[in-house]
There are 2 protein chains.
Amino acid sequence: MKGKATSFDIAHYAGVSQSTVSRALRNSPLVNEETRKRVFEVAKELNYKVDKNASNLRTQQSSTLALLLFEDPTADDSQINPFFLAMLGSITRACASEGYDLLVSFQSTSADWQADYEDSHRADGIILLGYGDYVDYQAKFRSLIDQNTKFVCWGASVDNRPDLTVSCDNYGGGKLAAEHLLKINRKDCAFIGDASEHSPEFFARYQGFKDEFTRHGVTLSERKMANAISTEESGYHATRSLIANNIAFNSLFAASDLIAIGAIRALKEAGIKVPDDVHVVGFDNIAVASFTNPPLTTVQQDTTLAGQMLVNNLLKLIRGDEVENTLLPPRLIIRGSSV
Amino acid sequence: MKGKATSFDIAHYAGVSQSTVSRALRNSPLVNEETRKRVFEVAKELNYKVDKNASNLRTQQSSTLALLLFEDPTADDSQINPFFLAMLGSITRACASEGYDLLVSFQSTSADWQADYEDSHRADGIILLGYGDYVDYQAKFRSLIDQNTKFVCWGASVDNRPDLTVSCDNYGGGKLAAEHLLKINRKDCAFIGDASEHSPEFFARYQGFKDEFTRHGVTLSERKMANAISTEESGYHATRSLIANNIAFNSLFAASDLIAIGAIRALKEAGIKVPDDVHVVGFDNIAVASFTNPPLTTVQQDTTLAGQMLVNNLLKLIRGDEVENTLLPPRLIIRGSSV
DNA sequence: CGACATTATGACACCGGTGTCAGGTTCGGA
DNA sequence: TCCGAACCTGACACCGGTGTCATAATGTCG
């Protein structure tokens, strides 16, 4: 036998028509039990596998989802945000358990990505991760929707957003962090991150954080805020600049764990002790968080659940079922950096 | 326009035949430049994308690689070995830069995985990562090769292994670790890992390590070895058992960083100071390694290069070019756990 | 001007399945 | 015995491209 076996080969050896082979292998009730058995035997014998291309072409669906990872460009190109990696893992798992394959692809935010995957019938739907370019997302998402592309987005569920999202309750997570610091009376707090609408996740975290402080009669000082994107480097430099400006604080809320880790490095370098002088709270609970020195108190996002919800919601969308935006509950994990 | 546009739609609007459309879009030199321009315009207008299923079916290739991740079953199912995640990232990148898509899938070692992906024409080739079931790999690999399946394996390049491998020079890496400990005179060394042929990577690391010690006239004691698989938990328990048996040592070589991290936890718990009482050296240089307390000295495997080589070699294999097993040089990274 | 190469295009079979339709067999009931 | 339902099977069109072959139009040269 040269090349792969086709259903015609099976038909030949099993002494039936190719149509019957196709039906038998897909467990159609139309086919006689004995015939089916014979077909399966021959198929096994010839090590036959259905050609997915032919099958997909005919049925116009692929049993495949595409995961597009958008990454903020970083200096060190090789490093991938560990939070995304964790999501990638859980999404892969969730896909597998639903019988779907997963195509993974990195995209640059600026590129004209345009959801090639679904248009070209390689995937039935798309999961967008880290699509941070919120300036023009409205237009892009609208055009996707106009093309009837099925996609789900991980990110902040901003009002009037046209797409379907799954996200962590960032606002609630910010509140959790604030509650914690308020309870232990560390009210002089700095914030490292980006509290503008440009990064809605960070914005929501800050809002929840701030509102909780306000509710307790504490006003956060704008001077104690520094901008950072979600990298260790950026967190380090932002924190250094606060220190350089002689801005004092006894606690620090970082918009992500990577930022927090960079912040801790800057603090240590300046001779400021964590947690004695400054309590630090991060966000994400990436794997590294429990190994930092001191271990990092953080707001956990449940990546396993997130992956499942992304996949489930996307599949619902593909099937045409009713779907709503999903908000996942965060959880505060207290470790050595704030006790 | 209902549904996606096909090449017939383009042909209709551009006033040419469907054949010409197909040729024009693939930049065939046979087609007139003006015709091509018109076709491209219409295609853009209609937001046309080539149907990959049809294209793949006809050409019998998919421009897609499959990555199969085999994981040793762990208690905490959700955690994925961070080293593999890093590899996943670099492989994805390498695929993208070669114009290939990547299908990712988790497999259980025991399952009858059988390389469905290539047989079903979903992928042109397969990358195997973490295929630890070395007991019967010969048979499985042989059958894959018999079926003319193109695949590359990340792992130890054992003699007589029938498959194509890319791997880190584990033996050399073990030597590096040994050199380091010998130089700083920490010769009373424990080894945590699996030094049997069942996990050839660990075996090679241990061999290189041991041989270097032997070369310096130092014999490693078998009593100071404990078995562990590559998880933090396993490293923790293995180290605890050494301690519980009152086995003394002033340095410890762990077959992987995860094991090393578990070992450090066990040592600390027993009141043994790292690095003062025991120097610890790991293997892999996962992201966490620089954040542990103390930061972990380790033998780095260059995952970026590894991903590139895996993809490049696999593509060569697919194209029918000559390919040889690849051995990547390790690098010692000295951090606080051993100074 | 005829022979022939060059260029550009269309018609058509083909990849390997799936779904529809028509037809043959068997069997129970009238 | 005849009829219709139930069951099973084969023939065939079809999914949307790609590659081959035939052919028309244009150019070249003796």
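Numbers restart at 1 for each chain; the letters A, B, ... are given by sequence-line order, proteins then strands. These numbers come from a predicted model, not from an experiment.
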**OP:** Return yes if the base of D:dT20 and the side-chain atoms of B:R23 contain a donor-acceptor N/O pair under 3.5 Å, otherwise no.
**Re:** yes
**OP:** Identify whether any heavy atom of B:Q60 sits under 4.0 Å from a base atom; if not, whether one sits that close to sugar-phosphate; answer base, sugar-phosphate or nothing.
**Re:** sugar-phosphate
Original post:
Going by distance alone, is a donor N or O of one side chain under 3.5 Å from an acceptor N or O of the other, for A:S62 and A:N56?
Top reply: no
Original post:
Which part of the nucleic acid does A:R26 contact within heavy-atom distance under 4.0 Å: base, sugar-phosphate only, or nothing?
Top reply: sugar-phosphate
**OP:** Would you indicate whether the side-chain heavy atoms of A:N325 and A:L327 approach each other to under 4.5 Å?
**Re:** no
**OP:** Please collect all salt bridge (charged side-chain N to carboxylate O under 4.0 Å, His left out) contacts where either partner lies in residues 15-33 of chain B, sequence neighbours excluded, each pair once.
**Re:** B:E33-B:R36
Original post:
Of all nucleotides in DNA chain C with an atom under 4.0 Å from a non-hydrogen atom of chain B, which is the first and which the last going 5' to 3'?
Top reply: C:dA8 to C:dG16
**OP:** Please confirm whether B:F141 and B:F151 have ring centers closer than 6.0 angstrom.
**Re:** yes
Subject >> Along DNA chain C (nearest heavy atom to each residue), the more 5'-positioned of B:L57 and B:N32 >> reply: B:N32
Subject >> Steps toward side chain to side chain contact (heavy atoms under 4.5 Å, CB included) verdict (A:I91, A:W154) >> reply: CA-CA 11 Å; A:I91 289 170; A:W154 170 259; over 6 Å; no
**OP:** Determine the contact category for B:S19: base if any of its heavy atoms lies under 4.0 Å from a base atom, sugar-phosphate if only primed atoms, P, OP1 or OP2 are that close, otherwise nothing.
**Re:** base
**OP:** Rounded to the nearest angstrom, tell me the gap between atom CG in B:L30 and atom C1' in D:dC21.
**Re:** 12 Å
Atom pairs and distances, donor-acceptor, side-chain atoms in residues 94-104 of chain A, under 3.5 Å, two or more places apart:
from: A:S97; atom 1: OG; to: A:A94; atom 2: O; distance (Å): 3.0
from: A:D101; atom 1: OD1; to: B:Y117; atom 2: OH; distance (Å): 2.9
from: A:D101; atom 1: OD2; to: B:R122; atom 2: NH1; distance (Å): 2.3

